[in-house]
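Taking it in order: structure first as C-alpha cells, then the write-up.
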Amino acid sequence: MLFAKFGQSDSVRPGQETSVVSSTGESFSTSANDYDVEHDPLLKGLNPEQKKAVIHEGSPLLILAGAGSGKTRVITKRISWLVQRKNVNPGRILAITFTNKAAQEMKDRVANRIGLIARAVWVGTFHSMMLRILRQHAEYIGYERSFSILDTDDQRRVLKESMKKEGISDKTTPLRHIHQEISKAKNKLIYPEEYAQMADKDLQKKQIAAIYKNYQQQLEQNNSMDFDDILALTVFLFEKEPEILAYYQERFLHLLVDEYQDTNYAQYVLVKMLAAKHKNLFVVGDDDQSIYSFRGANLMNILDFEKDFQGCRVIRLEQNYRSTRTILAAANSIISQNKQRNHKNLWTQGTEGKKINFYRALDQGEEALYVANQIKHLLSKSENNISGKDIGILYRVNALARNLESALRDRGIVYRIYGGTRFYDRKEIRDIVSYLRLISQPTDDIALLRIINTPRRGIGATTIELLNAAAVREQTYLFDICSRIEEFSELSFAANNILSFVRLINDLRQIMDKNEIEFGYYVKQVTSASGLRAEQEAQLGKLPLEATTRIQNMDELISDAMEFEGRLQEEIEELSQFPDLMEDLDNLTLPLTLEQITEAYLERVALYSDLDQEDQEDAVSLMTIHSAKGLEFDTVFLIGANEGLFPSEQALQSAGEIEEERRLAYVAVTRAKKRLYITATRRRLLYGQTMYQKVSRFATEIPDDLVEEEGGSRHGDDEYSSGFQSDFGWRRSFNSAYERDDRFQRDFAAGVVGSRAGTKESGLKDKAFVATTGFTTQGKGRGLNYKEIAVGDKVSHEQHGTGEIMKITPFSGDAILEINFHGLVKRFKASMSLLKRVED
DNA sequence: GAGGAAGCCATTTTT
DNA sequence: TGGCTTCCTC
C-alpha cells in the first residue's frame, strides 16, 4: 500500500501530455514527435553543454561544473524541464543542495518558472531530506517519531557524561578529538561494535570505542540523535527495512545532487541506494572545489563516479560567466598545481579586467586599515557602481574577522559577519529552545538538564545526581521522576523547587495544548514564564551591554518564530492546492496546531546555520572561505594570505592537505567577479602570539603580469624567515635563525625592515619561521623552553614517566615535542606540557 | 547552593 | 588573547 500513490503509471496524466501552462503563461508542446529542442523557450540562453545536461535522459549523469559555469541555472532548469516537458510529478523529484539557503533559492527559482506546484519537489540538504524520511519511519529503528536532534553543545555534554562513566579523563583524550572521531566513524557508517573491533590494540581508540558505545546508548535512551545520525540511521533504516527503501526508490523518479564533490561516504551510500531503481541520477560538482574533507567529504566520490555508476555520461561545463579573464587566469594558475583532479579548463568570453591587487601590510592592524580604506574608496566612487553587498572579505579562520571589525566600524562601513556562533547557538536562545524541547518532548533529558536550574531555582548538582540515580533505578526519564517527586524520600529536601519547575513546564504544556495563541506569542510566554527574561533584566544594572544584547536576541527569536509560523502556514496552504500531493503533508491539516509548529520550528533550529539567514541589508560580508562556497561578489578581499595561516600550519604536514588548501584558495579567488584584492602581513598577532610570516604560496604562484603590488613584494623580502632541520645540527640552525630574528626585531624598531637585503641561508628548509616576543613558560616553573632542549634529551611526565625526545617541530614560537615513553609515543606542546627535563 | 576570582588552556574549516 | 573551568568563600 506504500506504493499506491507512486505506482509506475502516474508520471503522465491523461489529457495533459501535450500542453502544460507555466505560471508565466507560456505553453509549449511536449509530445514526443514534435519536440524541438532548438526552440524551446525553457532552454533559451543556455549554451550547448548546459542544454545537453538539462535534457539528458537514460543514464546517470555527472556534470563537472567549473566555478561560475552556471550550474545552479542548469539544475533549476532541469527540474522545470522535467515537470513541464516530461510531465514528471514534482513530488517524485528529490533535489539535494548543500545549504538550506540554496534549497530555498532553488525552490523559488523553480516556482517562478513553473508555479506553485514546485513546492511539491523535495528540495533540501541531505540532512533535512533524510530527516523527513526518518520521522516517517522512526519506530522501525527504535525511535519515537518525535525524536530530538542534538546540537554540538548537547553532544559535548553527553560525551562528557559518557567519558565520566567510562572513567576516561579528557586530559589524555581531548573531547574535541573524540567528538571528531565519532563523527567521522558515523560518516563512514561505522557503528560502535565495528569501531571497537577496529580499535584492536590501539589504546586510545579502545577508549573512544567505549565512549562511542556509551554515547550512542545515551542518545537512544533519550530518544535523540546527533547530526551524523540523521544520515547513518537513514542508511540503517533502509538496510533493515528493504520495503521502505523500495518505496523511496520507486518514488524518486529523479534524483539531483548538487556539490557532489563534498559528499561523504554515508551520503554516497544514500545516493546509490535511492537511485538504484530508476537510475535517473543527475549530479553536479567540481572536484576542484572540494573543501570539506575534514568533515568526512570524500573526493573519490566524484573522481570515481564513472566507475561507480556504470554507463553514466559526463558533461563538462567549462565556460565561466562570472569572473574576468585576469581572475580566471589566477585561479587556473593556482589549481593547476594539484595532482588529484579531473582536468578541466575554465575559459571566459569576458574582458581582461583589472589586475589583482596585492598588498603586504606590516601587521594585522595595518592590513585591516588597508582593506577598510579600499572599501571606503570603492564605495565612494559612483562610477564603480557597487555597494556594500557586492563586497566580500574572505579569510581562512574566523579569528581574522576581529581585526577588521573596528577598522570597518570606524569608517562607518556596514558589515555583517557570517559564521562564528550561530544565532540559535547563543546561550540565551538555546535556553529558550530547550524549554520548547522539553515541553514538546518530556523524555528529552538533555533539554531538561540544561534548564532545570536555568534560571537558578535552587536545584544544584546534588539534586541532579539524585534525580539521575532515581531515573536509572526506575528506568525512566528525568521529567517523569520530577513529576512524581513525592515518591522519592531522598529528594524531599528539594521537592518544593522541583515541584515548581514541574508546574511551570506543565502549565506551558497546557497553553500549548489549548492552542489558542500564535506561536510567536507562545515563545514570548515561554521566555517570561520561565524567568529567563527577568533574569537578564536583573543583569541590566551589572552588565548592561551583555544583558541588553541578550534581551535583544530573545526578542529576535520571538520575531523569528512569528515569521516562521507565517511562512509555514503559507507553504502548507500552497501545497494543499494540490490534493494529490498531500500525502507528503502527513497529518498536517490547516490550521496547524501549536504543537506541530513547535516541532517544525525545533527542526529548523537544529538544521539551520547562520548562512541560511536571508540577507536584507546592504552590508559588506565577512566570512570564511568555506562559508563563501557557492557565493559570488563583485569585489573580493582575500586577507591573511600568509604561510602558516593559509595554507594552515597543520596542512603543511601533508601533501593531501596542501591540495585541499589549494582548492580552498581556488574557491576564494573564483568568488570574485571583477576585482580581487589579496593581502598578507609581515607579522601577525594571533592567539596572543606574534608570528612572522612569509607570503602565502598561493599568492606568489599567481603570474606576475596579473598582479599589481602595493606595500611590498610577494616575492623575496623574507630574509628573516627561515626554518630548521630536525635531525643533527638542528640546534645550530635554530640558534642562527633565532639570532637573525633578534636582529629582525632591532631592525624592525629602527625601521630598516622592508628593504631587500640579507644573504640567503643555505641548507635550511624553506618554511615559515615563527617567533615570540618571549617564552610564556618562563617563571612559571612548568613546561619546557624549546631552546634549551635537544633530540635525545630525557624528560619526565607525571603520568607517563620518563621518556626520550624523538623529534622537535617548531611551531608558533613554541615547539611540538614527540616523546617516546617506553614505546608509547606522545606529542606535547613544549611550553604547555607538564614535562620536566631529566639529567641522565 | 550561588557567585566571584583566579588559573587554565587552546586555538581550521561546519551541514 | 580570551573563553571556560575550577576553586574558594559566603
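Chain naming here is simple, since letters A, B, ... match the order of the sequence lines and numbering starts at 1 in each. The model shown is predicted, which means the values in this text are computed figures rather than measured ones.
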Exercise for review: Kindly determine whether A/Y424 and A/Y608 satisfy ring-ring contact (aromatic ring centres under 6.0 Å, His included), including the steps that lead there.
Suggested key: CA-CA 8 Å; A/Y424 294 121; A/Y608 272 57; 7.8 Å; no
Revision key, fill the gap. Closest to the 5' end of DNA chain B, once A/E657 and A/F227 are matched to their nearest nucleotides, is A/E657
Review point. Quick one: which of B/dT14, B/dA2, B/dT15 gets closest to the side chain of A/H127?
Key: B/dT15
Practice item. For the residue pair A/F98 and A/Y292, categorise the inter-ring angle as parallel (less than 30°), tilted (30 to 60°) or perpendicular (more than 60°). Key: tilted
Point to revise | Pair A/V669-A/F698, side chain to side chain contact (heavy atoms under 4.5 Å, CB included): steps then yes or no | key: CA-CA 10 Å; A/V669 169; A/F698 306 135; over 6 Å; no
Check your understanding: According to the interplanar angle, ranging from 0 to 90°, do the rings of A/F227 and A/H127 count as parallel (below 30°), tilted (30 to 60°) or perpendicular (above 60°)?
Key -> tilted
Review point. What's the closest nucleotide to the A/N453 side chain, out of C/dT5, B/dA2, B/dT12?
Key: B/dA2
Check your understanding: What does A/R295 touch in the nucleic acid at a heavy-atom separation under 4.0 angstrom: a base, only the sugar-phosphate, or nothing?
Key -> base
Exercise for review: Give the nucleotide from the list B/dG1, B/dT14, B/dT12 with an atom nearest to the side chain of A/E661.
Suggested key: B/dT12
Check your understanding: Just to confirm, is there a sub-4.0 Å distance from OP1 or OP2 of B/dG1 to any side-chain nitrogen or oxygen of A/T463?
Key -> yes
Practice item. Check every strand shown and say whether A/F98 touches a base, only sugar-phosphate, or nothing at a heavy-atom separation below 4.0 Å. Key: sugar-phosphate
Review point. B/dA2 P sits how many Å from A/I459 CD1, rounded?
Key: 9 Å
Review point. Looking only at atom P, what distance separates C/dC4 and B/dT13, rounded to whole Å?
Key: 15 Å
Check your understanding: Would you say A/S627 reaches B/dT14's phosphate, i.e. side-chain N/O to OP1/OP2 under 4.0 Å?
Key -> yes
Point to revise | Sugar-phosphate only, base, or nothing, as touched by A/T99 at under 4.0 Å among non-hydrogen atoms | key: nothing
Point to revise | Rounded interatomic separation in angstrom, taking NZ from A/K184 and P from B/dT14 | key: 16 Å
Exercise for review: Between A/G458 and A/H626, just flag the one whose closest nucleotide in DNA chain B comes earlier from the 5' side.
Suggested key: A/G458
Review point. Just how far, in rounded Å, is C1' of B/dG1 from CG of A/N496?
Key: 16 Å
Practice item. Measure distances between side-chain N and O atoms of A/R396 and base N and O atoms of B/dT13, and say whether any donor-acceptor pair falls under 3.5 Å. Key: yes
**Study point:** Row check, A/Y415 ring normal vs A/R409 NZ/CZ: under 6.0 Å, within 45°
**Key:** no
Exercise for review: Using only side-chain N and O atoms of A/N398, determine if any of them is under 4.0 Å from OP1 or OP2 of B/dT12.
Suggested key: no
Exercise for review: Tell me what A/A399 touches on the nucleic acid: a base, only sugar-phosphate, or nothing, going by heavy atoms under 4.0 Å.
Suggested key: nothing
**Study point:** Of the listed nucleotides C/dC4, C/dT5, C/dG3, the one nearest the side chain of A/K427
**Key:** C/dC4
**Study point:** Verdict with supporting geometry, A/R450 and A/R437, side chain to side chain contact (heavy atoms under 4.5 Å, CB included)
**Key:** CA-CA 11 Å; A/R450 187 178 175 92; A/R437 264 169 60 186; over 6 Å; no
Check your understanding: With respect to the phosphate group of B/dG3, does any side-chain polar atom (N or O) of A/R456 fall under 4.0 Å of OP1 or OP2?
Key -> yes
Practice item. For C/dC4, take OP1 and OP2 only and decide whether either is under 4.0 Å from a side-chain N or O of A/K160. Key: no
Practice item. Using whole Å, report how far CG of A/L400 lies from P of C/dT1. Key: 17 Å
Practice item. Answer with base, sugar-phosphate or nothing: what part of the nucleic acid does A/T462 contact at a heavy-atom distance below 4.0 Å? Key: sugar-phosphate
Practice item. Measure the distance from CZ on A/R157 to C1' on C/dT5 and round it to the nearest whole Å. Key: 13 Å
**Study point:** Contacts of A/R396 that satisfy side-chain hydrogen bond (donor to acceptor under 3.5 Å, both in side chains) - sequence neighbours left out
**Key:** A/E661
Review point. Which whole-number value in Å describes the distance from A/D425 CG to B/dT15 C1'?
Key: 12 Å
Practice item. Kindly state whether the pair A/F294 / B/dT13 counts as stacked, where counting means centroids closer than 5.5 Å and planes tilted less than 30° apart. Key: yes
Check your understanding: Below 4.0 angstrom from OP1 or OP2 of B/dT13, is there any side-chain N or O of A/S648?
Key -> no
Point to revise | Spacing between A/L664 atom CG and B/dT14 atom P, to the nearest angstrom | key: 10 Å
Point to revise | Nearest-Å distance for atom pair CE/P, residues A/M225 and B/dT15 | key: 20 Å
